[in-house]
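For reference, the structure discussed in these notes is given below.
Just so you know, these numbers come straight off a predicted model, no measurement behind them. Start at 1 and go down the list; that is how both ligands and their atoms are numbered.
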Amino acid sequence: MSRKVTAPGLRQMMDAGEKIVCITAYDYTSALLCESAGVDVVLVGDSLGNVIQGHSTTVPVTLEEMVYHTKCVRRGLSSPLLVADLPFGSYNVSVEQAVSSAIELMKVGADAVKLEGDYTDEIRAIVKAGIPVMGHVGFTPQSINEFGGHKVQGRGEGAEVVLREAASIQAAGAFGIVLEMIPETVSQRITESLSIPTIGIGAGVNCDGQIQVWHDVFGLSARKLKHAEWFAKGQEVFGAALTEYISSTKSGKFPTSENSF
Ligand code: KIV
C-alpha cells in the first residue's frame with residue numbers, strides 16, 4: 001500500500017517540488033481506480049451536481065447528497081487525501097452552521113473539507129474544531145449567478161481581489177487553496193506569495209498541483225473545456241462497448257454457454 005497522504009503532507013510535497021495531483025471522484029469504483037493509480041488527493045466535489053445529477057450548476061447540491069457520495073468514495077479509498085466539498089448553503093449562514101456541516105462530512109470519512117470564497121471566520125472556526133480546510137478562489141462555481149456565467153476571474157483590477165482573498169484564507173488556517181479560472185500571471189503571484197500549496201484548474205502551469213473533474217480527464221464530458229485534456233476517449237470507448245453489447249444480445253451472440261451456469 002502506498003503512503004497515506006495527509007493535509008500537512010501536501011506542504012512537504014510542495015517544498016520538495018513534487019506536483020500534487022488531484023481529481024474529483026463521486027463513487028466507490030472510481031475511488032478504487034484513484035487508489036491503485038496513486039492519485040494524491042481525491043475531491044468529492046459538488047461538481048457532482050453537474051456530472052452526476054445533470055444540473056446546470058452546483059447550486060442545488062445538498063449536504064445530505066455530499067454525505068452520501070463521501071461515504072461511497074471513502075469505501076474505496078485509503079491512501080489519497082479525501083477532501084469533501086461543503087455545498088452551497090451549508091456554510092454561508094453562520095459560523096456555527098459551517099462547523100456543524102464540516103463535522104458531518106468528517107463523521108462519514110472525509111479527511112478534510114473545501115469551501116468556496118472568502119469565508120475566513122468560518123475557515124478559522126472549522127480549523128479550530130480540528131478539521132483541515134482547503135480554500136477555493138477565482139471562479140467559484142457556487143457563485144455562478146453573481147458572476148453571470150463561467151467567466152475567468154482576477155483580470156485587471158480583479159487580480160488584487162483574488163490575491164487578497166487567497167492571503168486571508170491562508171491566514172485563517174487553510175492548508176491549501178484551489179485557484180480556478182484565473183490568469184496564469186495571477187496564479188503565479190499567488191503561488192509565489194503563499195506558503196500553502198496552490199492547486200490549479202484553469203490557472204496555468206505554475207501552481208503547486210492540479211485538479212481536474214473526473215469526466216474531463218476521461219473524455220466523458222459533453223465538450224472539451226479549454227483548461228482540460230481528455231486523457232481517454234471515454235464517450236467513444238463506452239459508446240462502442242454499449243453498441244456491441246446491444247448487437248451481441250440482439251443477435252444471440254451473447255450470452256454463450258461459457259456465461260451460463
Ligand atoms: O466541485 C469540484 O469539482 C471542484 C473542483 C472543480 C475544484 O470544486
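Ring geometry for Tyr91 versus Tyr119: interplanar angle over 60°, hence perpendicular rather than tilted (30 to 60°).
Heavy-atom separations between His136 and ligand 1 include at least one value shorter than 4.0 Å.
For ligand 1, the atoms lying closer than 4.0 Å to a non-hydrogen atom of Asp85 are 1 (O), 2 (C), 8 (O). Every atom of ligand 1 is numbered from 1 in the order shown, and the set under 4.0 Å from a heavy atom of Thr24 is 3 (O).
For ligand 1, the polar-atom distance check against Glu116 finds no nitrogen or oxygen pair separated by under 3.5 Å. Considering backbone and side-chain atoms alike, Ser47 places an N or O below 3.5 Å from some N or O of ligand 1. Close N/O approach between Glu180 and ligand 1 is not found [any backbone or side-chain N/O within under 3.5 Å].
Screening Arg3, Glu35, Lys4 for a side chain to side chain donor-acceptor pair (under 3.5 Å) involving Ser79 leaves a single residue, Glu35.
Of all the heavy atoms of Thr58, none lies under 4.0 Å from any atom of ligand 1, so neither backbone nor side chain is involved. Residue Asp46 touches ligand 1 through backbone and side chain together, judged by heavy-atom distances below 4.0 Å. When non-hydrogen atoms are compared, ligand 1 lies under 4.0 Å from the side chain of Ile201 (C-beta onward) but not from its backbone.
For atom 5 (C) of ligand 1, the nearest non-hydrogen atom from the set Leu43, Val83, Val51 comes from Leu43.
Taking 4.0 Å as the cut-off between side-chain N and carboxylate O, Arg189 and Glu184 do not count as a salt-bridged pair.
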task: Determine, step by step, whether Phe218 and Phe231 satisfy the ring-ring contact (aromatic ring centres under 6.0 Å, His included) criterion, reporting the C-alpha distance in whole Å, the side-chain angles of both residues, the deciding distance to 0.1 Å, and the verdict.
output: CA-CA 6 Å; Phe218 292 96; Phe231 293 93; 8.7 Å; no
- prompt: Given Ser187 and Asn206, is the side chain to side chain donor-acceptor pair (under 3.5 Å) satisfied, shown in steps?
  reply: CA-CA 7 Å; Ser187 73; Asn206 296 303; 5.3 Å; no
task: Kindly indicate, with the supporting measurements, whether the criterion salt bridge (charged side-chain N to carboxylate O under 4.0 Å, His left out) is fulfilled by Arg74 and Asp111.
output: CA-CA 10 Å; Arg74 178 76 283 167; Asp111 297 318; 3.2 Å; yes
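In the displayed structure, Gln53 atom CD is contacted under 6.0 Å by more than 12 heavy atoms of other residues, nucleotides or ligands.
Of the inter-residue distances, the one linking Tyr26 atom OH with Asp46 atom CG reads 8.5 Å to the nearest 0.5 angstrom.
Looking only at protein heavy atoms, the nearest one to atom 8 (O) of ligand 1 is Lys114 NZ, 2.9 Å.
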